[in-house]
Visitor: 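Encoded as structure tokens, here's the structure I'll be asking about.
Letters A, B, ... mirror the listed sequences (proteins, then strands); counts begin at 1. Only a predicted model underlies this, so the values are computations on that prediction, with no experimental measurement involved.
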Number of protein chains: 2
Amino acid sequence: MNVRPESNTSSTPPPHLPDEGHTQSQSQRARNLSHVHPADVTLSDALTALADPVRRTIVKELAGGPDWTRACGTFDLPVTKATRSHHFAVLRQAGVIEQRDAGSRRLNRLRRPEFDAAFPGLLDLVLSERRADPGES
Amino acid sequence: MNVRPESNTSSTPPPHLPDEGHTQSQSQRARNLSHVHPADVTLSDALTALADPVRRTIVKELAGGPDWTRACGTFDLPVTKATRSHHFAVLRQAGVIEQRDAGSRRLNRLRRPEFDAAFPGLLDLVLSERRADPGES
DNA sequence: TAAAGTGTTCGACGGAGGTCGATCACCATG
DNA sequence: CATGGTGATCGACCTCCGTCGAACACTTTA
């Protein structure tokens, strides 16, 4: 699963449009923010995305509060901001989260209903996992 | 996830006993056959095991027939028997399958009820995935 | 404009894991 | 006992990916 933005070399164009018909005042950074709808995500990518403990921590923390209330930097993760940014990109490309720029910060939202529709029970499985577990593989 | 048999160096001994109280005539090869109950498997290991497309093919083929009817060599997989053996070991250590020796062959069984109890919906997700998909990641 | 805060990108590194050929162990059959 | 079949094990190779520091881009605030 390549995360780089120029890796959109898929043979079949994705059917789900980003629904950004509004030519609203969009920040510069948001232009590089490509999203993938859960319906266009393979099971391989979904499982791979959620197989990482750091990414599951993000998902669980995100589910603990309302949408659009957590910026990337507010998560308690044992990695640097570079790795952090990487994990958020993977989750975004796997259709797990949605991101939106708010000033200099990037707010997040768990795509609960869409992802549940595409992979029923998978998010519940992650959210029912007990917190922390620092010694796991 | 180490698969080697001597890697049983876990700090906490697993609670689920293999239930092999029968001192029945057991083949020599079966002595090296260590199983892990799905209840003792972490979500990380479960997701990692099912994230591989070859292993998901095994699971899907296994679900297509009755228990104990498919030997390891009867699966249609695009890998050599060495890699094949590796994947079966990973699935066994993740509590997904159970294996039993029958003569010179090793028969397999999908641990449907136990695994469903430990990770509800996960197997259904895999089994509902469309077959083949040779070009996926 | 300068400085601080937030997040991404880049290049590099290291470990984990999927893959293979070769070999070995066990079982069945002649 | 010899042969063939099945599957595990070993060592090696190679790709993928999680990780980091450094640099960069954008935004806000002083």
Visitor: List, one per line, each side-chain donor-acceptor pair under 3.5 Å for residues 65-75 of chain B, sequence neighbours excluded.
Guide:
residue: B:Asp67; atom: OD2; partner: B:Arg109; partner atom: NE; Å: 3.4
residue: B:Thr69; atom: OG1; partner: B:Pro66; partner atom: O; Å: 2.7
residue: B:Arg70; atom: NE; partner: B:Thr74; partner atom: OG1; Å: 3.0
residue: B:Arg70; atom: NH2; partner: B:Glu61; partner atom: OE1; Å: 2.8
residue: B:Arg70; atom: NH2; partner: B:Thr74; partner atom: O; Å: 2.8
residue: B:Thr74; atom: OG1; partner: B:Ala71; partner atom: O; Å: 2.7

Visitor: For C:dC20, take OP1 and OP2 only and decide whether either is under 4.0 Å from a side-chain N or O of B:Thr80.
Guide: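 It does, given that an N or O in the side chain of B:Thr80 lies less than 4.0 Å from OP1 or OP2 of C:dC20.
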
Visitor: Hey, does the side chain of B:Arg55 come within less than 4.0 Å of C:dG18's phosphate (OP1/OP2), counting only N and O?
Guide: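 For C:dG18, OP1/OP2 do have a side-chain N/O of B:Arg55 under 4.0 Å.
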
Visitor: When you check the gap from the basic side-chain N to the acidic O, do A:Asp116 and A:Arg112 get nearer than 4.0 Å?
Guide: yes

Visitor: Rounding to an integer number of Å, can you tell me how far A:Lys81 NZ sits from D:dA25 P?
Guide: 14 Å

Visitor: Does the side chain to side chain contact (heavy atoms under 4.5 Å, CB included) test come out yes or no for A:Leu122 and A:Leu47, once each step is laid out?
Guide: CA-CA 9 Å; A:Leu122 188 49; A:Leu47 292 177; 4.2 Å; yes

Visitor: B:Ala82: what forms a side-chain contact (heavy atoms from CB on, under 4.5 Å) with it, not counting sequence neighbours?
Guide: B:Thr80

Visitor: Could you state the CD-P distance from B:Gln93 to D:dT9, rounded to the nearest angstrom?
Guide: 10 Å

Visitor: Nearest-Å distance, CZ (A:Arg70) to P (C:dT6)?
Guide: 14 Å

Visitor: Roughly how many Å is it from CZ in A:Phe88 to P in D:dT19, rounded to a whole number?
Guide: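 In whole Å, D:dT19 P lies 13 Å from A:Phe88 CZ.
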
Visitor: Any side-chain N or O of B:Thr83 below 4.0 angstrom from OP1/OP2 of C:dG18?
Guide: no

Visitor: Between A:Phe119 and A:Leu125, is there a side-chain heavy-atom distance shorter than 4.5 Å?
Guide: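 No. Closest side-chain heavy atoms not under 4.5 Å.
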
Visitor: Quick one: which of C:dT19, D:dG18, C:dT6 gets closest to the side chain of A:His86?
Guide: D:dG18

Visitor: Could you check which of C:dT19, C:dT6, C:dG7 has an atom nearest any side-chain atom of A:Ser104?
Guide: C:dT6

Visitor: With a 4.0 Å limit, can you tell me whether A:His87 has a side-chain N or O closer than that to the phosphate oxygens OP1/OP2 of D:dT19?
Guide: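 True: A:His87 side-chain N/O within range (under 4.0 Å) of D:dT19 OP1/OP2.
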
Visitor: What is the separation between atom CG on A:Leu77 and atom P on C:dG7, rounded to the nearest whole Å?
Guide: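 Computing the A:Leu77:CG to C:dG7:P distance gives 12 Å.
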
Visitor: Take the protein atom CG of B:Leu33 and the nucleotide atom P of C:dA25, then report the distance between them rounded to whole Å.
Guide: 18 Å

Visitor: C:dG21, D:dA23, D:dA8: which one has an atom nearest the side-chain heavy atoms of B:Ala82?
Guide: C:dG21

Visitor: Quick one: is B:Ser85 getting a side-chain N or O under 4.0 Å of the D:dA8 phosphate, OP1 or OP2?
Guide: yes

Visitor: Please state how far atom CD1 in A:Ile58 lies from atom C1' in C:dG7, giving the value in whole angstrom units.
Guide: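 Result: 13 Å.
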
Visitor: Check this one for me: any side-chain N or O of B:Arg105 less than 4.0 Å away from OP1 or OP2 of C:dC27?
Guide: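 B:Arg105 to C:dC27 OP1/OP2: no side-chain N or O under 4.0 Å.
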
